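If you're wondering where the values come from, they're calculated on a predicted model, not measured in any experiment. Only heavy atoms go into these numbers, but all of them, side chains included; no hydrogens, no water, no symmetry mates.
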Amino acid sequence: MREIATIKDIAQKANVSPSTVSRALNGNSRISKETVTKIKKMASEMEYYPNYAAQNLTRGDANIVGIVFPVTSRDAPANPFHIDLMRGASSALTPMHYEMLVAISATEKELLSSVKSMVNQAKVHNFLIFYAVKNDPITAYLRKKKLNFVIIGDPSDNSGDRYVDNNNVAAGEAAAKCLIDNYHVLHPLFIQSSKKWPYETSRLKGYQQYLKQNGYDGNVWVDNSSQTIDDFLKIMQK
């Protein structure tokens, strides 16, 4: 079995000190470009891989981004949108040698506990929040700890948090247009969760705008435990 190359091995082969190798691999301006190129080429040939765990201990910060899902019941199906978000995050983080650590829980209390564990035990200081809600205890905690985080969605609470969002009003309009133009639906139905997430509210607005502008009637059904979709359809058929 081949032994893993170390900085000392590279230093011995290059006839320089281990500190010079370390500085060269980290692009220190004190090391000449020629030496940096030589050391990096040698490290690649020797299949040297940085010890990120050791680096994390030194700086007290992990090369990990915490991915925080919204509160999700244990039997809920996976959301394809979240999978796409993780795929995109991974493609951006991999070249920077960062990994992802996921927090997903059935209750708000459990979710906050998982995030606190990430911060205090795994030294995670960077987070992607896969949802946007008002008075969220997780973002409040991250804000208090002065950690880096970006919200997926519009928090709409003027907190100054960084966020990335798509145009959900336009998405609602496009969905209504697709139903009417492509499938000739006469009475479209908008299904909304009982939590009424901000993105749902925006999509509902776009849906209703398009129907009103084009002279169509539409319905809205809020998904909750007291009424099933079959119950709703029976009411609509009367």
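Distance check, rounded to the nearest 0.5 Å: OG of S90 to CG of L85 gives 12.5 Å.
L25 has its side chain within reach of Y48: a pair of non-hydrogen atoms, C-beta onward, lies under 4.5 Å apart. Under the 4.5 Å side-chain criterion, counting only non-hydrogen atoms from C-beta, W221 is not in contact with Q192. Residues Y131 and I151 form no side-chain contact, since every pair of their non-hydrogen atoms from C-beta on lies 4.5 Å or further apart. Residues M46 and I10 have side chains in contact (heavy-atom distance under 4.5 Å, counting atoms from C-beta outward). Counting only heavy atoms from C-beta outward, the side chains of V68 and F130 never approach each other to under 4.5 Å.
Proximity of a side-chain donor or acceptor of S117 to a complementary backbone N or O of V115 within less than 3.5 Å is not detected. With hydrogens and angles ignored, the 3.5 Å screen pairs a side-chain donor or acceptor of N79 with a backbone N or O of F81. Between the side chain of S91 and the main chain of G88, a donor-acceptor pair closer than 3.5 Å is present. Although no hydrogens or angles enter the test, the distance criterion places no donor-acceptor pair under 3.5 Å between the side chain of N26 and the main chain of R23. When atom types are taken as modelled, the side chain of E200 and the backbone of W197 share a donor-acceptor pair closer than 3.5 angstrom. Counting only distance, with no hydrogens or angles, the side chain of T20 and the backbone of V16 share no donor-acceptor pair below 3.5 Å. Side chain of N28 to backbone of R30: a donor-acceptor contact under 3.5 angstrom is found. Under the 3.5 Å distance criterion, the side-chain polar atoms of E99 are left unmatched by any main-chain donor or acceptor of N63.
Note on V169: it does not cluster hydrophobically with V220, by side-chain heavy-atom contacts below 4.5 Å among ILVMFWY residues.
Hydrophobic cluster membership for L186: none, as no Ile, Leu, Val, Met, Phe, Trp or Tyr side chain comes under 4.5 Å of it. Cluster partners of V185, using a side-chain heavy-atom cutoff of under 4.5 Å among ILVMFWY residues and allowing indirect links, are L179, Y183.
A salt bridge links K41 to E45: one of the charged nitrogens lies within less than 4.0 Å of a carboxylate oxygen. Between E110 and K116 no salt bridge is recorded (no basic side-chain N to carboxylate O distance below 4.0 Å).
Checked by atom type, the side-chain pair S22/S19 shows no donor-acceptor distance below 3.5 Å.
Ring planes of F190 and Y207: tilted class, angle from 30 to 60°.
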